[in-house]
Number of protein chains: 2
Amino acid sequence: MAGMTIGKLAKSTGVGAETIRYYERSGFLPPPDRMPSGYRVYGGDAQKRVRFIKEAQALGFTLNEIKELFSLTDDPDADCASVNARARAKLAEINEKLRKLKLMKKSLERLSDYCPADEHPLTECSIINYLYGKSGLSA
Amino acid sequence: MAGMTIGKLAKSTGVGAETIRYYERSGFLPPPDRMPSGYRVYGGDAQKRVRFIKEAQALGFTLNEIKELFSLTDDPDADCASVNARARAKLAEINEKLRKLKLMKKSLERLSDYCPADEHPLTECSIINYLYGKSGLSA
DNA sequence: CTTGACCTTGTAGTAAGCTTTAAGGTGTAT
DNA sequence: ATACACCTTAAAGCTTACTACAAGGTCAAG
């Protein structure tokens, strides 16, 4: 597990080596040890941290929010409740996105179902007319 | 309705004047007439076009897709079916986003419900442990 | 010892949709 | 005639999460 180069870490975590360097540059990963040649050397901790990032991203957290989660894990006063609050805040965001997407879906479905989808000219297309504000075509 | 300056058009459509200029620069709005001073002058067509953009954005279309819709309305051979195809393609995209967000939501809800959300130290936090890949809890 | 894969740095580009800045000209109300 | 809001331009900046150079140094295999 010890002594990975950046390429091995990248492969073992499913990201590109450039991404690892980007994470380091941006403060999402701590600067690793170096070989005499200057090559970065990573241990298991780095692997865990990258996996943490990937899992959190899959839950919808941005990199900056993930940095906050890391800060929490470094804070001896932080507790479960503070992490849970972030999870619930993210959940609220996701629910809001879901709400908006469902509205889009409904409108699009209604428009699409109503549209005959044949060779009607666009002046008679209910979708186009809707987009123009339902009051007729000008262009 | 005739003879609006950019500020009036912006106000009447709910966007900023800079946004109007940006739309023009990027080819989403045609270049308007000018007053002798160089001020842009807009009529009702511009208003309709901006509203079209806003409505289409609310349905999830990107500006480039909206430009395509405008091209269709300028194409005498375009018919209802070609517009409907775009609406259905957008619908498919939205459904895919909905699917992913619902997965996130489910995972987050499970993690958050399982977390005691009290003063437990983070080493015992099920959310953090899940993110580190240590937990028996599956998302 | 040579080949080729891998590593280093810094810089810049990508997507999308604006927003801001700087430096200056115009229209109108008092 | 003097404020003051509004207009003009080109260009850069913002956000997020990378991705792609360019120019060079290093390591392992054969």
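Naming convention: chains lettered A, B, ... in sequence-line order (proteins, then strands); numbering from 1 in each chain. Note that the structure is a prediction, hence the values are computed from the model and not measured.
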Residue [X], side-chain heavy atoms: nucleotide from [options] that is nearest:
X        : options                   : result
Arg34(B) : dT8(D), dG27(C), dC7(C)   : dT8(D)
Arg40(B) : dT8(D), dA17(D), dT19(D)  : dT8(D)
Tyr39(A) : dT19(D), dT19(C), dC6(C)  : dC6(C)
Tyr22(A) : dT19(D), dC18(C), dT9(C)  : dT19(D)
Tyr23(B) : dA17(D), dC27(D), dC18(C) : dC18(C)

ask   = For Glu55(A) and Tyr130(B), does a side-chain donor sit closer than 3.5 Å to a side-chain acceptor?
value =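 Judged by distance alone, the side chains do pair up.
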query = With a cut-off of under 6.0 Å to the ring centre and 45° to the axis, is Lys90(B) in cation-pi contact with Phe61(B)?
reply =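 Ring-cation test returns yes.
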query = Quick one: does NZ or CZ of Arg49(A) land under 6.0 Å from the six-membered ring centre of Phe70(A), within 45 degrees of the ring axis?
reply =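 Positive - Arg49(A) is close enough to the ring of Phe70(A) and near enough to its axis.
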ask   = Starting at the 5' end of DNA chain D, which residue's closest nucleotide do you reach first, Lys11(B) or Glu24(B)?
value =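 That would be Lys11(B).
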ask   = When the nearest nucleotide of DNA chain D is assigned to Arg25(B) and to Ile6(B) on a heavy-atom basis, which residue is associated with the more 5' position?
value =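 Whichever sits nearer the 5' end wins; that is Ile6(B).
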Looking across every strand, which nucleic acid part, if any, lies under 4.0 Å from [X] by heavy atom: base, sugar-phosphate, or nothing?
X        : value
Thr5(A)  : sugar-phosphate
Phe28(A) : nothing
Arg21(B) : base

Length of the line joining [X]:[atom1] and [N]:[atom2], which is rounded to integer Å:
X        : N       : atom1 : atom2 : answer
Lys67(A) : dT15(D) : NZ    : P     : 13 Å
Asn64(A) : dC14(D) : CG    : P     : 14 Å
Gln57(B) : dA16(C) : CD    : P     : 13 Å
Glu18(A) : dC21(D) : CD    : P     : 11 Å
Asp33(A) : dT8(C)  : CG    : P     : 13 Å
Leu63(A) : dT19(D) : CG    : P     : 12 Å
Ile20(A) : dC7(C)  : CD1   : P     : 11 Å

ask   = Between Ser37(B) and dG25(C), is there a side-chain N or O to OP1/OP2 distance below 4.0 Å?
value =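 Negative; the distance criterion is not met.
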request  = Please check the phosphate of dT19(D) (OP1 and OP2 only) for any side-chain N or O of Thr19(A) closer than 4.0 Å.
outcome  =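 Yes, such a contact exists.
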request  = Would you kindly compare Gly16(B) and Gly38(A) by the position of their nearest DNA chain C nucleotide and give the one closer to the 5′ end?
outcome  =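 Counting from the 5' end, the first nearest nucleotide belongs to Gly38(A).
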inquiry  = If you count every heavy atom of other residues, nucleotides or ligands that lies below 6.0 Å from Lys97(A) atom NZ, does the total exceed 12?
reply    =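 No, because the 6.0 Å sphere around NZ of Lys97(A) holds 12 heavy atoms or fewer from other groups.
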ask   = Is Arg21(B) salt-bridged to Glu18(B), going by a charged N under 4.0 Å from an acidic O?
value =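 Yes.
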